[in-house]
Each structure stands twice: as structure tokens, then as C-alpha cells.
Q: 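Pasting in a structure now, in C-alpha cells, and then I'll have a few things to ask.
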Amino acid sequence: MSQPLEYAANDSISNAHAENPELLPSLAKDRTLSMWDIIVLCAGMVVNVVGLVIPGQVLLRGAYSPLEILIACFWGFSLVTVLIVLTGDIGTKYGLPFTVIIRDCFGKKGALVGSLCRAVVCMTWTGVLLFFGTEAINTVLQTMTGISAFWVVFAIFAALQLINASRNVKSMSRFGWVAIPILAVALVFLVAWLLQEYAVSLPTVLAASPLPGEGFPFITVVAIFSGGWLSEALNGSDLSRKIRLPEHPERMPFLKRNARLMAGFAIGFIGTGVMLSLAGLVCAYLTNSADPVGVVKAAFASKPAALIFSCVVIVMAQWSTNTAANIFPATLIFLNAFPRLSFARATWLVGLVSCCMMPWLLASYLDYVQMVFSALLAPLLGIMLVHYYVIRKGELDVDSLYDADMPDWKAPGLLSLVAGLIAGAVFHDWAFFAAFPVAAICHLLLMRRTQQAR
């Protein structure tokens, strides 16, 4: 039986189990994010160094013009937005986080397996972005003093970022309100400077012929642009459960209940993603480099002030994305695995593990990384959406998700996850488009067989 949002206020859930408070359903007082906060958070997620690197890497591998890559980018971000709204409805309606929702699919311990797939993606990007941010700061240090202290800078920079992230999601939004306008102006300035320096127009760059090379199939390029962001589709409920809503959202129609979420992601996610990719394509096409730090070093080698400003912008872009898109969801996963941790301690643990993974070694292959992540996360999405919309018909028994007697393992979900991962590995060029339907169909068939057996 479905339970309305007010049920989350009942002490029976929190009294029944020693759940971490961050994992309990959101109450009305917890819903503090406005639509504009969502737009800023989305823009903060998207405006990052990787968002500049990936379109450039795809372009330099050949086969596609800048305009064709931009179209693939639009479809990739649109796909993720649709999935975010679908998963986000569980948050707006019930106030539940991802790590609790998937207990219904995999069981209480099985949910940790599904969460781990997502955590690996989040922590990989955390380390990669910390590395890029440190590279930018170290460039500023060298420009001003002639001294390079990369790993000292890395440790200090990571610590400051984790202090900010360990507070709460509203704190992340406040940072975005300051960072995003500065980032927008800086990106426009960089693109305008490059176009003037190379004496070309933006339409000329977009209409340029593909560079030599085999490249990827077009559907793979779409999967590359959606790949890492599929973690945000899984994260949809983690954000939507914090959105300010009228009373009784469970009684509202789907579209009305999720209107703010849809508008926020359409503007902040798709719009910002396309614009950032355009900037990355211009930089890569004109400089023949996909490394944004390398681009600004080359562009402003004789202009220290402009170089320092550009590096500061890269740092801010990295910071705003890492907090909301990577550290925050990984923190919730750690809280589910280790309920006695505080939010702050879980955040620091995420940072420590991210650094120990040394994911920056993958920095030259981020388009391939995105493709792998697309295949890794797609099965989780397929299972989660089929379970909620087809098996449960959009109705959840909230209390059962916190029940101590819930099975630790649920075979249909786990077997479907394995099937989806295998499909993604075998048909890797199709990535998401192979793993998602295989996992979804397997879960539907196995769940119906289980229900019939009862």
C-alpha cells in the first residue's frame, strides 16, 4: 500500500530502526530548494572541466563535425533529463533517497551492491576533477611565484572542498549562486578570445568538416555524453526530495508534481550542457587540444593576469560540480553502508577513497570512461524504473523499505543487474542502449515469475 508523504513524519520509521537521519524520508521542513536553486545546482554540475574535455576528445578522434557532436550532446543530455524526471518522481512523491528506494529491487544488503556501482562512478569523477582543479591552481602558483607544489596544493584543495561539501546540499546551492555567473562570463570571454585570435566565426567552426579518424558510432557518442550523467539520473530522487512543494504532493498529477524538477533540468542541465560542449568544441578545434588547462596556458602565455583568471574559473567549475554531482550522492551511499557515520564523516571518507583510487590516471581517456560508465549504470536505471512504474505501478509502501524483516537479497533484481552488465560489456559500442533494455526486461520477467509462484 502506498503511503502519503505525511507518513514520513510518523516516528514509527525512525523508532523501528537505527537508520541514519539522512536516509529517512524528507519532511516538509527538509524541502528547502526552489526551482532556481535546482537550476543553479544543475548548472553547477554541468559546468566542469570534464564537460570541456569530452566533446574535444570526441572531436579529435575524427568522423564527426562540431555540429554533429553538438547534436549528439543535446540528445545525450535530453535522455538523462527524461530519466532524472522519472526517477525524481519517487523523491517528490515519497521523499525517499536512491539508496533506500533500491532496497525494494535488490533487498537490504543487495542494495549495497547496486549503490556500489554508482559510488564507483561518483568517486572516479571526484578524483579526476580534483586533479584538474589542482592542475589549474598549481599553474597559478607557478605563474605568480615560479614554485610548483602540486601534491601539497592537491591536499589543501581537496580538504577545503570536502569541508564545503560536508555541510549540506543547500550550502552547495549557495556556492553555485556565486560561481555560475562568473563561470558563464569567463567561458564566453575564452571562446570570444579564441575566435578573434584565430580569425574565425562560430558558424564557421560549427560547419567545419570532421577531422581525420574513425571515431565512434553516433549512438556511442550519444551514450558518451549521457554516460557519467546517468549517475545523476539515479540521483534524481536525492535532489527532488529536497524541492520545496505544496502540501500533499502525492495527490498531485505527475506533471504538476514534477514541474519544477523538469524546468530546472531543462534550463540548468540541457541548456548549460550544450553551451559548455560548444565551448569545448571551439577550444579543441582551434587549438587541437582537449586539455582546458593546456588551452589557457597556450592562449594566455604572455598574459599572466588572463591566465590566472582562467585557471581560477576552471577551479570554480570543478568545485561546483564535484560537490553536487559526485561527493553528495556518494556520501549518501556511504551513509547507507555505514549508518553510524555522520554526514560530515561520510563526506570525508568519500574524499579519501576517491584519492586512493587515483582515477586521474584516466584523464586522457575520459570519453572511453563515459562509455564504460554508461554500460555500468544503465542496468540500475532499467531495473529501478521498471520496478517502480510497472511492477509497483507508481505506489510504494514506505514503511516496508525500513522494515528490519526485509530480505537481505532479492534474486530478480540481482540477476537482472548481472544480465544488464554482461549486455553492456558484450555490446559496448551501444553501452546504455544495450544494458538498459536487457536489465529492464529481465527484471520484469523475473518479478512476474516470482509473483506467479506465490
Side-chain angles (χ1 to χ4, degrees), residues 44-45 47-54 56-57 60 120-166 172 175 179 182-183 186-187 190 228 276 279-280 283-284 287-327 330 347-370:
M45 293 176 193
V47 179
N48 66 83
V49 181
V50 172
L52 290 170
V53 171
I54 288 175
Q57 289 184 346
L60 296 177
V120 166
V121 175
C122 293
M123 290 188 294
T124 298
W125 289 130
T126 296
V128 169
L129 292 181
L130 281 172
F131 182 80
F132 277 128
T134 302
E135 187 179 8
I137 295 174
N138 197 54
T139 297
V140 173
L141 181 65
Q142 283 184 294
T143 302
M144 297 180 67
T145 68
I147 299 173
S148 175
F150 187 91
W151 293 111
V152 174
V153 172
F154 181 90
I156 296 172
F157 180 53
L160 291 174
Q161 193 164 139
L162 290 170
I163 289 172
N164 173 253
S166 65
M172 301 174 197
F175 179 84
I182 297 175
L183 295 172
L187 283 173
L190 177 61
L276 185 72
C283 292
T287 66
N288 200 38
S289 172
D291 178 7
V293 178
V295 168
V296 298
K297 280 183 179 179
F300 304 120
S302 60
K303 301 176 180 178
L307 175 61
I308 291 171
F309 176 74
S310 299
C311 288
V312 170
V313 168
I314 289 174
V315 172
M316 294 179 70
Q318 179 276 337
W319 190 311
S320 62
T321 297
N322 241 4
T323 50
N326 299 322
I327 299 173
T347 300
W348 282 93
L349 183 58
V350 167
L352 177 61
V353 174
S354 298
C355 294
C356 291
M357 289 168 61
M358 297 188 293
W360 46 81
L361 298 177
L362 304 172
S364 298
Y365 310 96
L366 295 183
D367 47 358
Y368 284 99
V369 172
Q370 285 278 79

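Count residues from 1 along the sequence.
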Q: Over 60° means perpendicular and under 30° means parallel, so classify the ring planes of Trp360 and Trp151, tilted if in between.
A: tilted

Q: For Ile163 and Trp348, run side-chain contact (heavy atoms from CB on, under 4.5 Å): C-alpha distance rounded to whole Å, both residues' side-chain angles, the deciding distance at 0.1 Å, then the answer.
A: CA-CA 8 Å; Ile163 289 172; Trp348 282 93; 3.5 Å; yes

Q: Would you mind reporting whether Thr124 and Met357 have side-chain heavy atoms less than 4.5 Å apart?
A: yes

Q: Could you give the distance from CD (Gln161) to CD1 (Ile327), rounded to the nearest 0.5 Å?
A: 4.5 Å

Q: As a quick check of understanding, evaluate side-chain contact (heavy atoms from CB on, under 4.5 Å) for Met123 and Val350, giving each step before the final call.
A: CA-CA 7 Å; Met123 290 188 294; Val350 167; 4.1 Å; yes

Q: To the nearest 0.5 Å, what is the distance between CG (Leu141) and CD1 (Ile308)?
A: 10.0 Å

Q: Take Phe150 and Phe131, measure what side-chain contact (heavy atoms from CB on, under 4.5 Å) needs, and give me the verdict at the end.
A: CA-CA 9 Å; Phe150 187 91; Phe131 182 80; 3.4 Å; yes

Q: Nearest 0.5 angstrom please: Asn138 CG to Cys311 SG, how far?
A: 9.5 Å

Q: Just verifying a value: how many Å separate Leu307 CG and Met144 CE, rounded to the nearest 0.5 Å?
A: 11.0 Å

Q: Out of curiosity, Phe157 CZ to Leu130 CG, how far, rounded to the nearest 0.5 Å?
A: 6.0 Å

Q: Where do Ala290 and Gly56 come nearest, in terms of heavy atoms and distance?
A: CB-C, 3.8 Å

Q: If every non-hydrogen atom of Pro359 is compared with every non-hydrogen atom of Ser354, which pair is closest and at what distance?
A: CD-O, 3.2 Å

Q: Give the minimum heavy-atom separation between Gly133 and Val315, together with the two atoms involved.
A: O-CG2, 3.6 Å

Q: Can you tell me if Gln57 uses its side chain to pair, donor with acceptor, with the backbone of Asp367 under 3.5 Å?
A: yes

Q: Are any of the side-chain heavy atoms of Gln370 and Ile54 separated by less than 4.5 Å?
A: yes

Q: Between atom CZ of Phe154 and atom SG of Cys355, what is the distance when rounded to the nearest 0.5 Å?
A: 3.5 Å

Q: Kindly give the heavy-atom pair with the smallest separation between Cys283 and Leu190, and that separation in Å.
A: SG-CD2, 4.0 Å

Q: For Leu366 versus Leu362, what's the shortest heavy-atom pair and its separation?
A: CD2-O, 3.5 Å

